[in-house]
Each structure stands twice: as C-alpha cells, then as structure tokens.
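One structure coming up, written as structure tokens, with questions to follow.
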Amino acid sequence: MKAVTGPTEQVVVVGAGLSGLASALYLTGAGCAVTLVERADHVGGRVGRYRFADYEIDSGATVLTLPALIDDALAAVGTDTSKTVPPLRIRQLDPAYHARFADGSELRVFSDPDRMSAEVAQTCGPDEAVRYRRLRDWLGRVFRAEYDEFLATNFDSPLDMVRFPGKRAALLELVRLGAFGRLGNRVDRTLRDPRLTRLFTFQALYAGMAPEQALGVYGAIPYMDTGLGVYFPDGGMRSVAETLAGAFTAAGGRLELGTEVTGIDYDRNRARRVLLADGRDLPCDAVILTADLGSLDRFGARPPRRLRASPSAVVAHGTVPAGIAESWPVQAHHTIDFGAAWSRTFAEITPRRGGRLMSDPSLLLTRPALSDPGLYLTRGETRYEPFSLLAPCPNLDSAPLDWNRLGPSYLRELLAVLESRGYHEISAQFSVDRLDTPATWLDQGMIAGTPFSAAHLFRQTGPFRTRNLARGRENVVLAGCGTTPGVGVPTALLSGKLAAQRVVGENRGARTRAPATVRPPSVTEAVN
C-alpha cells in the first residue's frame, strides 16, 4: 500500500464530519499530533444538527448501520462507548423500516430472518417467504465476499484485484456469485412480489443509480439495512459525531470549530501549512482533506475529471404536534411511503440530462422520538415531536432548476400528496424550520448540488473511484463519501480509517475487522 512519505508527526484534518473524526482518532491512536479544523460551530458534517429555539434535529443521515465501526474508531484511542461522556447508547430499530404502498398494504423490515420471513409470508405469501430467504442468503454472501478486500481496504491500482491473493479470491467469489450483473435483475429473478422487490432495491439510490443499472455488488447496501440491522443513538445521529469528537479531545487531539480553511500552502508538491481565514496558519507534515469533490480545487487538489453525480434530495425539518402524528396511518421511526410508480420514478430523477421531479413521489418520513422519547418537546400544554421528510430529486447537472423559487411550492405539493395518503393535517400542522434543496448543497460546495456525491457507476466504484491519495500531492490524503469506499455512514467511517492508514501505514493504523453477522455489536448490548 502506498503511503505518505517523509515525516508524519503533525497532521491537520480539514473537516469534522464522520470521516474526519474517524481519521483524527486513528491518527491520534497511532501517535500523531492531530489538529482537526471545522468551519461550522459543531461537528458532524453530513451527520450534523440544526439548532432551533427550543430543540435540535439531525441535519443529515438518519440511518445508521454497522455500529461496530464506531467501536473501532473509539478503540483506536483506547476507549469505548461506556467510557465516553456521556456514554453513547445505541439501540437497534425493530423494525428497521415500515413500508407503505399505494394499494394500502404494508411491510415491516426486520433484520431477524425468522421474523422477516413471517412478515413476508403474511403479506406476500409463503412461497415469497422462501424466495426472500434465498435472496437474503445471496446478499449476505456478496457482502461477506467484498467487505474485507473491497470496502475496508485501500487500492493503489485496479490491478490490485488480481495482484494480491486475498483480493483475487474475493473477486473470483463475486464473479461466481454473479455480483457484476445488475442488482435489479437479480432481485426481480428471485422475488415475485413487486412490493418486496422495492424493499431490496430502493437502496440503489444511495449508490446514485436505478436498480436496473446498479451492479450486484451493491447488494451489500440492502444487506446492511435488512440483514445486519438499522440502529439509532439516544440523542439523535448527531450524538455519534459528538461522541467521537469528545474521545478525540480527551485523547489529546486539538479541535477547532468555527475555523474556516482558505487554502493550503505548498512547497513544490508537498503541503507545508494550512491557511485559515483568521490569518493564522497551521504547520503540517500531512493533511487529510474531507472537502466535497466539488470543492477540492479550493485546496490545491485537482478534482477528478468526468464525474457523474448522484441524484439529490429535498429535505424538510420541523415539528408536528404529537397528537396529530399519532393519528397517521403508520407509527414508525422510518416510514417509506411508496407511490404507485417505481421504474418511472428512477427514470425521472437519475438521468444524466433531462431529469425531473417525481410525478408519483416515494418519500422517507423520519420520527426519531418514537425511538427516543427524550426528543419530544413541550410548548405550553402541547407535546411536539421532531419530524423530517425526504424526497429524492434530480441533481443540478441533470435538472438545473431554480430551487430558491421552487422549493417552498414543491414542499407544499409533497405535503398535499401525504395528506391524500392519510397523513391528516400534515399540511397545516407540520411547522417547517428548515428546508434543504439542491441549492443548499451547492452553496456548501457539494458537486452538482447533491449530498450523495459521485454516483457509483462502474468507472466510479471500488478501485476506479477517486483515490484517497490526492493527485500530484505528496502528503495530501482525501477522505469522505466522494472517495473510497463511497457514500454512507459506515463507509464514511471506513474512509477515515483508510485515509489514516495512508498517512501512518497499515502497521501503525488499526486494522478494520469485518462486522459480526451474528454477534450484536458491543454498543448495542446494553440497550437491546
């Protein structure tokens, strides 16, 4: 594995999202003096928070899988979730999702195979339950074949896939499993009920493409969701970032919030100082840069050419009276409310050009207080709960819409759709405190106005994805969802570890273990 050459005693990490926090912990555990700088007044990046007058809400990702990776990052500095202040408590959501379909039917998603089989048999019939088991087994084998040698490892070249015995064996296993065929085709051949196929293919949006375009290797994503479980930390997803930051500073790391980086000073191709907006500079032996791919040129790093971005999203955050929400047709932490259309939905939001808004929206509704009652708030005599609504939409390359004008009216349309589906009074009672659109993400420097970065096309995945060694720079390493291994909470944590290994080498950086598929992750043992 190629690594940064020369001294690596002083490292500056730019960006305190999950990848930056993870890399800072691994570097600190390896003996480096680490300074972590973040332009916001809080940590978390895409897993941050919005603070309003009387409550906070998660600003980004709401789905947590593979929580054992949090344990790994904390263990790098010799701590664990029980020793953090306050202790991080993570519970498994049961069910992980609650799906509701246009015909009024529902399916709950359980990670336990017996419970899920019973759910499928009740809704879709016993024969479909048998087929579900067959698909689950295939998805699990794909995940296990690719985790160690493709997700949790650094690539120096695509030739690594055949150069090293472990990677070669994993590649051959994936070929044998048919994982380089199309995910949608595999799911359609295995399952018969279109409702169930949706639950194992909607995750293709995470990879930035329609199911019929996504490779079978991305079956690892629905397996994480449906086989290994979805989790939620007390206090919200933002608690994960706050816990990692607390462990970093407790171990001697230096964290500077509200600190804008304006550039990097280079001596030839080697970073020497990180320049700050307040006029200071930070000397460095190496830099880990977690900026979005759309912002790399600001830091003297060459952005990759010919990138295709993932679809984007419109996200509304606010509160609803708990009494109103209790009358809604589904009572679940995560509800996926599907429209009747499916293939058409992907065709509308995923094309490279000519994208458009969903004509029959499928929406993600998140109600975290149902899992963590401490998130309820009281105003006068009325109890409220935080509520978020996410609608996938095309990115700005695909559809350069005027979102500053369109956003509020589109949200009204979405709420009207939900009202017609039985979410009574949501239009009048959902008090929106924040509306994020592709314009929001573009203002934050994200490529094509999407928080999901580069799509996982074949030429943008695995060893072909933007490498974490910055081109033309000797001691600048990239981390985050735009580089390896890709988009998502667990992959962001892995990205931070892989970036740290590029600085200190694999021997000083802790090795990533494959998550247990049977043993519950240690962070959940106290609350399950």
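Quantities reported herein were computed from a predicted structural model and do not represent experimental measurements. All values below come from the heavy atoms of this structure, side chains included, with hydrogens, waters and symmetry mates left out. The chain is numbered in sequence order, starting from 1.
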We want to know whether Ser398 and Arg352 form a side-chain donor-acceptor pair, criterion being a heavy-atom distance below 3.5 angstrom.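 There is no such pair (donor and acceptor under 3.5 Å, judged by atom type) between the side chains of Ser398 and Arg352.
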Given the rule in the ring-ring contact (aromatic ring centres under 6.0 Å, His included) test, do Phe346 and Phe202 qualify, once you have shown the distances and angles that lead to the verdict? CA-CA 9 Å; Phe346 282 95; Phe202 80 87; 9.2 Å; no
Where is the tightest heavy-atom contact between Phe299 and Gly263, given as atom of each residue plus distance?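 The pair with the smallest heavy-atom distance is CD2-CA, 4.4 Å.
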Set of residues satisfying ring-ring contact (aromatic ring centres under 6.0 Å, His included) with respect to His98, sequence neighbours excluded: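 Scan of His98 (ring-ring contact (aromatic ring centres under 6.0 Å, His included), adjacent residues dropped) gives none.
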Please name all residues satisfying salt bridge (charged side-chain N to carboxylate O under 4.0 Å, His left out) with Arg108, sequence neighbours left out, ordered by chain then number.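 Salt bridge (charged side-chain N to carboxylate O under 4.0 Å, His left out) check on Arg108 returns Glu119.
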Using ring-ring contact (aromatic ring centres under 6.0 Å, His included) as the criterion, list what pairs up with Phe338, not counting sequence neighbours.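 Applying ring-ring contact (aromatic ring centres under 6.0 Å, His included) to Phe338 gives Phe101, Trp342.
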Derivation of the side chain to side chain donor-acceptor pair (under 3.5 Å) call for Ser111 and Gln92: CA-CA 10 Å; Ser111 59; Gln92 185 170 357; 2.7 Å; yes
Can you measure from CZ (Phe248) to OG1 (Thr243) and round to the nearest 0.5 angstrom?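 These two atoms lie 15.0 Å from each other.
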Show, in sequence, the C-alpha distance, side-chain angles and deciding distance for Arg344 and Ser359, and conclude whether the side chain to side chain donor-acceptor pair (under 3.5 Å) test is met. CA-CA 8 Å; Arg344 186 175 80 225; Ser359 56; 3.0 Å; yes
Salt bridge check, Arg298 against Glu260: does any charged N sit closer than 4.0 Å to a carboxylate O?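 A salt bridge links Glu260 with Arg298.
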Taking it one step at a time, do Asp372 and Arg91 satisfy salt bridge (Lys or Arg N to Asp or Glu O under 4.0 Å)? CA-CA 9 Å; Asp372 180 3; Arg91 66 188 69 237; 5.9 Å; no
Run the salt-bridge test on Glu256 and Arg280 with the 4.0 Å N-O cut-off and return the result as yes or no.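 Yes, charged N to carboxylate O under 4.0 Å.
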Please check if the side chain of His334 supplies one atom and the backbone of Thr62 the other of a donor-acceptor pair under 3.5 Å.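 Yes, because the side chain of His334 sits within donor-acceptor range (under 3.5 Å) of the backbone of Thr62.
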Please round to the nearest 0.5 Å and tell me the distance separating atom CG of Leu244 and atom CG of Leu74.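 Reported value, rounded in 0.5 Å steps: 5.5 Å.
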Could I get the full list of ring-ring contact (aromatic ring centres under 6.0 Å, His included) partners for His333, not counting sequence neighbours?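 With sequence neighbours excluded, His333 shows a ring-ring contact (aromatic ring centres under 6.0 Å, His included) to Phe232, given in chain and number order.
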Nearest heavy-atom pair of Ala448 and Asp397: which atoms, and what distance?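 The answer is CB-OD2, 3.5 Å.
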Pair Arg254-Thr249, side chain to side chain donor-acceptor pair (under 3.5 Å): steps then yes or no: CA-CA 6 Å; Arg254 177 181 168 193; Thr249 56; over 6 Å; no
Among Val314, Leu363, Thr366, side chain to side chain contact (heavy atoms under 4.5 Å, CB included) partner for Leu389: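 One option only clears the test, and that one is Leu363.
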Enumerate the ring pair (Phe, Tyr, Trp, His ring centres under 6.0 Å) contacts for residues 59-86, please, sequence neighbours excluded, ordered by first and then second residue.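 Listed by first then second residue: nothing to list.
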Partners of Ser295 by side chain to side chain donor-acceptor pair (under 3.5 Å), sequence neighbours excluded?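 Partners of Ser295 under the side chain to side chain donor-acceptor pair (under 3.5 Å) test: none.
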Do Arg379's NZ or CZ and the ring of Tyr384 fall within the cation-pi criteria of under 6.0 Å and 45°?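 Pair Arg379/Tyr384 counts as cation-pi.
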To the nearest 0.5 Å, what is the distance between OG (Ser388) and CG (Leu364)?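 The OG atom of Ser388 sits 8.5 Å away from the CG atom of Leu364.
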With under 30° as parallel and over 60° as perpendicular, where do the rings of His317 and Tyr50 fit, or are they tilted in between?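 Ring orientation, 0 to 90° scale: perpendicular.
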Thr440: side-chain contact (heavy atoms from CB on, under 4.5 Å) partners, not counting sequence neighbours: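 Listed in chain order: Arg434, Asp436, Thr437, Gln444.
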Distance, nearest 0.5 Å, that separates CG of Leu375 from CD of Glu385: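 Interatomic distance, Leu375 CG to Glu385 CD, rounded to 0.5 Å: 10.0 Å.
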Could you walk me through whether Val274 and Val287 pass the side-chain contact (heavy atoms from CB on, under 4.5 Å) check? CA-CA 8 Å; Val274 173; Val287 176; 3.8 Å; yes
In chain order, what residues pass the side-chain contact (heavy atoms from CB on, under 4.5 Å) check against Cys481, with sequence neighbours excluded?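 Cys481: side-chain contact (heavy atoms from CB on, under 4.5 Å) contacts with Arg46, Ser453, Val487.
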Residues Leu357, Leu401; criterion side-chain contact (heavy atoms from CB on, under 4.5 Å); working and verdict: CA-CA 10 Å; Leu357 302 179; Leu401 302 172; 4.1 Å; yes
State whether a side-chain donor-acceptor pair under 3.5 Å links Thr259 with Glu38.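 Result is no, nothing qualifies.
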Do NZ/NE/NH1/NH2 and the carboxylate oxygens of Asp58 and Arg49 come within less than 4.0 Å?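 No, this pair does not count.
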Apply side-chain contact (heavy atoms from CB on, under 4.5 Å) to Tyr376 and Thr319, showing your working. CA-CA 10 Å; Tyr376 283 108; Thr319 59; over 6 Å; no
What are the two closest heavy atoms between Ala24 and Leu36, and how far apart are they?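 Minimum heavy-atom separation between Ala24 and Leu36: CB-CD2, 4.3 Å.
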State plainly whether the residues Arg421 and Asp337 are in salt-bridge range, i.e. N to O under 4.0 Å.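 Salt bridge: yes.
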Rounded to the nearest 0.5 Å, what's the gap from CD1 on Ile447 to OG on Ser312? Could you check?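 Rounded to the nearest 0.5 Å, the CD1-OG separation comes to 12.0 Å.
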For Ser59, enumerate each residue passing the side chain to side chain donor-acceptor pair (under 3.5 Å) test, keeping only those at least two apart in sequence or located in another chain.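 For Ser59 there are no side chain to side chain donor-acceptor pair (under 3.5 Å) partners, ignoring immediate neighbours.
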Could you check Leu493, Ile70, Val47 and say which one makes a side chain to side chain contact (heavy atoms under 4.5 Å, CB included) with Val240?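 In the set Leu493, Ile70, Val47, the residue that makes a side chain to side chain contact (heavy atoms under 4.5 Å, CB included) with Val240 is Ile70.
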Test Phe200 against Leu139 for side-chain contact (heavy atoms from CB on, under 4.5 Å), laying out the working first. CA-CA 10 Å; Phe200 289 94; Leu139 294 172; 3.7 Å; yes
Listing request: all salt bridge (Lys or Arg N to Asp or Glu O under 4.0 Å) pairs with a residue in residues 307-334, at least two apart in sequence or in separate chains.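 As it turns out, the salt bridge (Lys or Arg N to Asp or Glu O under 4.0 Å) pairs with a partner in residues 307-334, which skip direct neighbours, are Glu326-Arg383.
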List in chain and number order the residues that pass side-chain contact (heavy atoms from CB on, under 4.5 Å) with Pro490, two or more places apart in sequence or in another chain; answer none if no residue qualifies.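 Pro490 satisfies side-chain contact (heavy atoms from CB on, under 4.5 Å) with Thr65, Leu66, Leu69, Met224 only.
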Can you tell me how far OH of Tyr423 sits from CD1 of Ile324, rounded to the nearest 0.5 angstrom?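 Reported value, rounded in 0.5 Å steps: 15.0 Å.
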For Tyr55, all residues meeting ring-ring contact (aromatic ring centres under 6.0 Å, His included), sequence neighbours excluded: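 For Tyr55 the ring-ring contact (aromatic ring centres under 6.0 Å, His included) partners, ignoring immediate neighbours, are Phe52.
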Do you know the tightest heavy-atom contact between Gly219 and Leu183?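 Heavy atoms of Gly219 and Leu183 come nearest at CA-CD1, 4.0 Å.
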Carefully, step by step, assess Thr123 and Arg195 under the rule side chain to side chain donor-acceptor pair (under 3.5 Å). CA-CA 10 Å; Thr123 304; Arg195 295 169 297 180; over 6 Å; no
